[in-house]
Colleague: 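Next up is a structure, given as structure tokens.
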Amino acid sequence: MNFSIYDFSAFFTSIHEWLLGMMPEALVTTIEWITIGTAAILFTALLGLSLVYGERKVAAWFQLRIGPNRVGFQGVLQTVADILKLILKEPLTPKSSDKFLYNLAPFIMMMAPFIVIAALPYAKGLQVMDLEVGVFFVTAVSSIGVLGVLLAGWSSNNKYSLIGAMRSGAQIVSYELSAGLAILTVIVLSGSLQFGEIIESQREGWWIYRGHIPVWIAFIVFLIAGTAETNRGPFDLAEAESELTAGFHTEYSGIKFAFFFLAEYVNLFIIVVIAATVFLGGWMPLHIGGLDGFNAAMDIIPPIVWFLGKVTVLILLIMWFKWTFPRLRIDQILTLEWKYLLPISLVNIVLVAFITLMGWYF
Amino acid sequence: MEQNVIMNPDGTQEYFVNMGPQHPSTHGVLRLVLTLNGEIIEKVEPHLGYIHRSIEKMCEKDNYRQVIHLTDRMDYLSAHMNNHAVCLAIENGLDVEVPDRAVVIRVIMDELTRISSHTLWWGVMGMDLGAITSFLYGFRDHEYITEIFEETCGARLTMNYNVPGGVMFDLHPNFVQKTKDFIAEFKRKLPEYDTLLSNNVIFLERTKGVGILSKEMAISYGVTGPAGRASGFANDVRKHEPYSNYDKLDFKEILYTEGDTFHRYKARIDEMWESIKIIEQLIDNIPEGDFQAKTRKVIKLPKGEFYQKVETARGELGVFIVSDGKMNPYRMKFRSPGFSNLSALNEMAKGGKIADLVATMSTLDLVVPDIDR
Amino acid sequence: MTNEELIKTISDWFPNVEFTEEGSQFLNVIVPKDSILEVAQKLKAEVSTSLDYMFSLTCVDWPDHFQMIYHLKSSEIGHMLVLKVKLEDKENPEVETLCNTFKTADFHEREVYDLFGVKFLNHPDLRRLFLTDDWVGHPLRKDYVDEINIVSS
Amino acid sequence: MSSIINYFKTVFGGLKTLVQGMGVTGYYFRNARKEIITQQYPDNKSTLRMYDRFRGVVIMPHDENNMHRCTGCSACEIACPNGSIEILAPRVLDPETGRKKKVIDKHVYHYSMCTLCNLCILACPTDAIVMDQTFEHAVYDRSLLTQVLNRPGSKLNPEVKE
């Protein structure tokens, strides 16, 4: 079960040696940083475009419509056209708004996803850096987004935005709790915070299969908390169209609005990647204990395809939530979190600790 | 009133927000000035008149045939019933005998309009509460009926199909078949409405116990239609003061007593089932005969007052004609259901959150041209 | 209760009230201006009549006087009747407000004030309902002329 | 104990209704191809046909030798609630009978004011005007909405009696 043919790290180390042969060490590292930086930004941009297009198509199929099909083949270039439109539009700044914070908010909102993109494992070896404290780093950085929302709500001097921002602040902060606890259940099982090792520990079988009941509960809790954290689905209180017109980003237009728009979708991607990596084994193919023939067959499919398959299925599920359920009220969201999700995840942590102690997992 | 914050005598500040006139959930140009305390609503004050065309003044210059094209622009979602009311008022003024075929056609058209209005309301209610997909499903069934209307009456929304003495054209040959197909199709789709919204736990959380309206308040504010019947105020005009041939039809008057948002919603869903029952009783035996009674070219109502009540999708529409014998009415007053239903909004929304106000308002099913006239 | 019983019961309570039935399908009760509030409250309070649902409140601009018309119905018993009040003085017509007995009168009276100019005494919030506050004139009056919107009397 | 039971009952009951709701949208997602109801308007123009009673605009049909049926009696002008029809029919000396007779000169139709209520068509004694089924009438200049229905040089159809 070696993955030599699909191992990106071998490919990158060969490039590294080749460059080292030609120029001094310092120059090589700067070149690598710059290329990886631009690759990350390009990847985020492409990711945002494809997710927006995917969401509009999926929403259309749910709603008896066809979705964008005018620009490009089957509407593929529709989001490119949208982004160009947003770039060319004049970014207005409300007269009596807090200018500095008003312009800072979109960048903070966009900064969090960029940092987290670097720490996520996409395929064997295809990872910018595999920190020992990967999971801890990701959950910590992804909570910066709340600052962007609160700043945007306060600084645009619009009553609706302020109400939207207050709601979103309360919601994201409280849902990070049960999201963190849900990930903790698997870390207790896998014993390490490093993404690489969590994936390695799922070589014989994904945690969702090996950790049976507690990991299933954690998976459901994480999905609910994940949709709440990205202000999507039944929890899109911050930009509730029917109450607050567009919530915290009402006053934004042009490229600033594009930042908010893309940040929401990249956050969705991050939540789904964490769920896929921690619960469904990231790029690890599906292995079932003894059947070596079956496992070998599974290894033929490259890990990147496994990764993208899991991510697509989860994204489809979260989009399914958004386009089916009505919106919750702010006090119901908080009662759901503090009275239902939190006690369940706490009990779950105790349960999983007990199970790891006794070794009752596959 | 224009400054941002009102200083109360006791030093506290009142923080008010304009909801409308351009707002996604006011369904039309209705401006609500909310006095808020954080998310809790202290006072809702509607500002009207953004779409006031003064239909009552226009009616005074039109003769009795021309008045009808104005009334289907009042509550455009129950256009047939509005015209039906005016035609009935004129007919019982002239005491013209409307042929049976016209009476049955009018009742079928009324019930089809009620279903199309309730399906559109259901879709928009789902969208107000966040389930955007339900809007498309509601509109699909609404459009199915508008197709039927377009084929028979020639227009989709403002049909102007009733004339004093009967209806403008005879039914289109494949009207009966298309209506039967729609009823069969709609009977499969209506349970889907329940699984998608009515039984959904999030929807129940958002609507149960929200925006309570007691029976006394409903009567005192004159809240009629499904909104009033959900509070126990039995006001179905089709049952209590039957017109056309409603007294010969068997259907139930939907009555609940809880008076919260969920039961106003449930009242409309059950009313759709009743409308289906009515149409099924009539669609197969539409009597033959001519569809319009002979009326003189220039209609002159005798001196006196004529009041006609009709049950539209939103409530009890009253047409009050004061005539002084000339060819156009001396004074024409429309008692619009939306107007009284809106006046009770402050009573229901006080103490709730903004999200509750949106939920309560969408179960009142407000159509603003019906309020402003 | 049929119209005759209504006439008998109401005339014992209020002698200075006339009844007619011609020209309308309801029993019309012509009430003098200053006792309209008392009549309305009595009709609503009494169990025998319990006219607690006012389904229409409107005003008619006759050549020599304004006429306030209140349509009442009893939600329990189901009978209906019409209260009519004559306001001779057309310059500044005034009548007592009913919005403390019938809450629906609040908006209806503001509409009549806006379109006819009839002032309602101690109405909590008598402002124009549809037109802007600085609108001149009352459109539904017969003598209302407006060159811009081509409205002639 | 009962509070714990109904705590779990609410949780699982809630989840059940949520999953049922997703089942409905899931059905439409799976056979989206069959259930799509939107019409691709500009593309289906060739096949799009409105119902024959659809009221698009009032027109005056002319037969092959430029004859119409309007006698200029202005019954439609009286019947119209919005004053969107103006009949210009001066009195002209009729050579045979020697008496003055009204002959239609211009049948002016203000489409901008017309509410398509069909009262004029009903009122016309000689069925001269008819509702057309076209609905694409957007114009850049409002004056284009004021049309003259009888074509220049068209005459009254002789069979039409007064």
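The chains referred to below are lettered A, B, ... by the order of the sequence lines, with proteins before strands, and numbering in each begins at 1. This one's a predicted model, so the numbers in the text were calculated from it and none came from an experiment.
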Colleague: So do the side chains of Thr227(A) and Tyr175(A) get within less than 4.5 Å of each other, counting heavy atoms only?
Modeller: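 Thr227(A) vs Tyr175(A): side chains apart.
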Colleague: Checking Asn341(B) side chain against Arg314(B) main chain: does a donor-acceptor pair fall under 3.5 Å?
Modeller: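 A pair under 3.5 Å: yes.
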Colleague: The criterion is ring-ring contact (aromatic ring centres under 6.0 Å, His included); which residues satisfy it with Phe269(A), sequence neighbours excluded?
Modeller: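 Phe269(A) satisfies ring-ring contact (aromatic ring centres under 6.0 Å, His included) with Phe43(A) once adjacent residues are dropped.
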Colleague: If you count heavy-atom pairs under 4.5 Å with chain A, which of Ile202(B), Leu196(B), Val201(B), Asn200(B) comes out on top?
Modeller: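 The answer is Ile202(B).
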Colleague: At a heavy-atom separation under 4.5 Å, does Val210(B) approach chain A through its side chain, its backbone, both, or neither?
Modeller: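 Side chain of Val210(B) only, per the 4.5 Å heavy-atom cut-off to chain A.
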Colleague: What do you reckon, are the aromatic ring centroids of Phe248(A) and Phe260(A) less than 6.0 Å apart?
Modeller: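 Centroid distance Phe248(A)-Phe260(A): below 6.0 Å, so yes.
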Colleague: Just to be sure I understand the criterion: a residue of residues 56-65 of chain A counts if one of its heavy atoms is under 4.5 Å from a heavy atom of chain B. Which ones qualify?
Modeller: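 Result: Phe62(A), Gln63(A), Leu64(A), Arg65(A).
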Colleague: Name the residue from His118(B), Arg114(B), Lys266(B) that meets the side-chain hydrogen bond (donor to acceptor under 3.5 Å, both in side chains) definition with Glu271(B).
Modeller: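 It is His118(B), the one option of His118(B), Arg114(B), Lys266(B) that forms the side-chain hydrogen bond (donor to acceptor under 3.5 Å, both in side chains) with Glu271(B).
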Colleague: I'd like to know if Glu264(A) pairs up with Arg232(A) as an ion pair, taking the criterion as any Lys NZ or Arg NE/NH1/NH2 lying under 4.0 Å from an Asp or Glu carboxylate oxygen.
Modeller: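 Here Glu264(A) pairs with Arg232(A) in a salt bridge, since their nearest N and O are under 4.0 Å apart.
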Colleague: Between Leu357(B), Leu197(B), Asp356(B), which has the largest tally of heavy atom pairs under 4.5 Å with chain A?
Modeller: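 Among the listed options, the one with the most contacts to chain A is Asp356(B).
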Colleague: Quick one: what part of Ile330(A) sits under 4.5 Å from any heavy atom of chain B, side chain, backbone, both or neither?
Modeller: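 Contact with chain B: side chain only.
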Colleague: Under the 3.5 angstrom rule, does the side chain of Gln332(A) hit a backbone N or O of Arg329(A) as a donor-acceptor pair?
Modeller: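 Checked: pair present.
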Colleague: Is the shortest distance from a Lys or Arg side-chain nitrogen in Asp236(A) or Arg327(A) to a carboxylate oxygen in the other one below 4.0 Å?
Modeller: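 Counted as a salt bridge, because a side-chain N and a carboxylate O are separated by less than 4.0 Å.
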